[in-house]
Amino acid sequence: MEPLVIRGREALGKVTFIEHDNTEHVTEFEAGSTLMQVAVDNAIPGIDGDCGGECACGTCHMIVADEWFDKTGDTPGDDEEQMLSMTPERAKTSRLGCQIKTTEAMDGIIVYLPEFQM
């Protein structure tokens, strides 16, 4: 199997972003980038990242598929929790994409995008 390549570098895996209308966007990622940055770099509709990944706006709200939630790392910190508390479409597996750093273990991760961002 050929390794994935992103901009001349080897990628670690793929992520599937699913919009509220079930439109799927599959894109590649490399380790250490955030899910927000992967979405913004690939023009995924509905992910704005207005604050640039500073956990200050909530415009990168994502709902991680249940089976992938444990792979996203730590539970939300205080700043992320505060932003998520203002999100009307919050779910039990909601996270801000700017707070999820990709790892090799996330190859194949599925995230759902809410209809509206803050």
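All values derive from a computational prediction rather than experimental measurement.
Closest approach of K101 to G32, counting heavy atoms only: CD-O, 3.9 Å. The two residues C60 and C98 come nearest to each other via the heavy atoms SG-N, 3.3 Å. Shortest non-hydrogen contact noted between M106 and K71 is CE-O, 3.0 Å. Heavy-atom minimum distance, C51 versus A56: SG-N, 3.4 Å. In this structure, I18 and E24 approach most closely via the heavy-atom pair CG1-CG, 3.8 Å. Looking at every heavy atom in both residues, M86 comes nearest to P88 through O-CD, 3.4 Å.
Separation of atoms CD (E104) and CG (D107) is listed at 8.0 Å; rounding is to 0.5 Å. If you take CE on M83 and CD on Q99, they are separated by 10.5 Å, rounding to the nearest 0.5 Å. The CZ atom of F29 lies 6.5 Å from the OG1 atom of T103; values are rounded to the nearest 0.5 Å. To the nearest 0.5 Å, atom CZ of residue F116 and atom NE2 of residue H61 are 13.5 Å apart. Put simply, CD1 on I63 and CD1 on I110 are 13.5 Å apart, with the number rounded to the nearest 0.5 Å. If you take CG on L84 and OG on S94, they are separated by 6.0 Å, rounding to the nearest 0.5 Å.
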### Task
Apply side-chain contact (heavy atoms from CB on, under 4.5 Å) to T27 and V38, showing your working.
CA-CA 8 Å; T27 189; V38 172; 3.6 Å; yes
### Task
Please step through side-chain contact (heavy atoms from CB on, under 4.5 Å) for the pair V15 and V26, ending with a clear verdict.
CA-CA 6 Å; V15 56; V26 179; over 6 Å; no
### Query
Yes or no on side-chain contact (heavy atoms from CB on, under 4.5 Å) for I47 and M36, after CA distance, side-chain angles and deciding distance?
CA-CA 7 Å; I47 298 297; M36 182 212 73; 4.2 Å; yes
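Two residues are said to be in side-chain contact when any heavy atoms from C-beta on lie closer than 4.5 Å; V111 and R95 fail this criterion. Looking at heavy atoms from C-beta onward, H20 lies out of side-chain contact with P114 at the 4.5 angstrom threshold.
At least one donor-acceptor pair closer than 3.5 Å links the side chain of E80 to the backbone N or O of L96. Proximity of a side-chain donor or acceptor of T93 to a complementary backbone N or O of F69 within less than 3.5 Å is not detected. Looking at T72, its side chain never comes within 3.5 Å of a backbone N or O of W68 through a donor-acceptor pair. Formation of a donor-acceptor pair under 3.5 Å by the N42 side chain with backbone atoms of I44 is not found in this model. No donor-acceptor pair under 3.5 Å is formed between the side chain of D79 and the backbone N or O of C55. Under a 3.5 Å cut-off, the side chain of T34 and the backbone N or O of I100 do not form any donor-acceptor pair.
Partners of E81 according to the salt bridge (charged side-chain N to carboxylate O under 4.0 Å, His left out) rule, which considers only residues two or more places apart in sequence or in another chain, are R90.
A donor-acceptor pair shorter than 3.5 Å cannot be found between the side chains of D48 and T59. Of the N and O atoms on the side chains of H25 and T16, not one donor lies less than 3.5 Å from an acceptor on the other residue.
The 12-atom threshold is exceeded at CG of D21, counting heavy atoms of other residues, nucleotides or ligands nearer than 6.0 Å.
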